[in-house]
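FYI, side chains are in, hydrogens and waters are out, and symmetry mates aren't considered; it's all heavy atoms of this structure. Below, chains carry the letters A, B, ... as their sequence lines are ordered, and counting in each starts from 1.
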There are 2 protein chains.
Amino acid sequence: MPGSLGTARYNRFVELLVDSRKKGGFTQEQVATTLRKPQSFVAKYERGERRLDVVEFVDICRAISINPANILKKL
Amino acid sequence: MPGSLGTARYNRFVELLVDSRKKGGFTQEQVATTLRKPQSFVAKYERGERRLDVVEFVDICRAISINPANILKKL
DNA sequence: ATTGGAATATCCCAAAATGGGATAATCCGA
DNA sequence: TCGGATTATCCCATTTTGGGATATTCCAAT
């Protein structure tokens with residue numbers, strides 16, 4: 001397992017991301033389109049199967065209209 | 001190249017991390033020790049040869065006593 | 001309870017990235 | 001210029017990734 005994948009903290013991170021997307025009323029497909037990536041990409045990182053680097057994280061936060069800092073605070 | 005590695009934005013991200021470390025007066029060795037990783041690990045991500053996931057980023061920010069949000073703002 | 005379309009998860013595997021100890025190269029103050 | 005401190009590079013077996021296609025799960029309407 002690379003980096004933080006699989007750790008409780010990483011899982012929590014992903015959970016926060018998923019919850020944020022849902023609260024914003026976005027589907028994986030919509031986020032994927034904004035990111036110019038396939039839906040399977042979103043499914044993968046939301047399931048913790050693939051790590052997100054910091055730049056990708058910022059882009060995703062923008063795609064779902066949330067402030068990245070609000071998630072970092074909880075890690 | 002995976003994720004955002006190699007992009008101008010990622011390079012800037014790493015540059016901000018390096019500058020922050022130096023301003024704080026930390027060596028790669030010190031950061032590595034705090035992270036319980038080898039110095040080559042720090043050298044690698046600072047050179048943009050390895051991606052940092054979000055949890056790792058937060059840990060590094062703590063190791064060099066900076067606020068993660070201050071870096072995210074600039075991406 | 002059934003149905004059907006939307007949403008999400010899983011497959012596959014070639015291609016690409018990672019880990020980290022050892023060693024080389026560079027930096028820099030005296 | 002020298003020498004210790006700091007950072008970069010090597011190597012390569014092992015692990016991860018990309019993404020189209022397909023399967024599965026969800027859920028609202030009837």
Any donor-acceptor N/O pair, A:Arg21 side chain to A:Phe26 backbone, under 3.5 Å
yes
For the pair made of CG in A:Leu5 and P in C:dA17, what is the distance, rounded to whole Å?
17 Å
Quick one: B:Phe41 CZ to D:dT9 P, roughly how many Å, whole number?
17 Å
A:Glu56 CD to D:dT17 P: how many Å, rounded?
10 Å
Does the gap between the ring centers of A:Phe13 and A:Phe57 come in under 6.0 Å?
yes
Could you tell me whether a side-chain N or O of B:Glu46 sits under 3.5 Å from a main-chain N or O of B:Ala43, the two making a donor and an acceptor?
no
Less than 4.5 Å apart, side chain to side chain, heavy atoms only: is that true for A:Lys73 and A:Asn70?
yes
Rounded off to whole Å, could you give me the OH-to-P distance for the B:Tyr45 and C:dG19 pair?
13 Å
Let me test you: for the helix from C:dA1-D:dT30 to C:dA30-D:dT1, what is the angle between the axes at its two ends (five pairs each), rounded to 10 degrees?
60°
When you measure from the side chain of B:Ser65 to the backbone of B:Cys61, do you find a donor-acceptor pair of N or O atoms at a distance under 3.5 Å?
no
I'd like to check B:Leu52 versus B:Leu17 (side-chain heavy atoms, cut-off strictly below 4.5 Å). Are they in contact?
yes
SB check A:Arg51 B:Glu56 (cutoff 4.0 Å):
yes
Produce a footprint string for nucleotides 7-13 of chain C: one letter per nucleotide, 5' end first; B if the base is under 4.0 Å from any protein heavy atom, S if only the sugar-phosphate is, - if neither.
SBBB---
Under the rule for salt bridge (charged side-chain N to carboxylate O under 4.0 Å, His left out), what residues qualify as partners of A:Arg9, not counting sequence neighbours?
B:Asp59
Strictly below 4.0 Å: does A:Arg51 bring a side-chain N or O up to OP1 or OP2 of C:dA17?
no
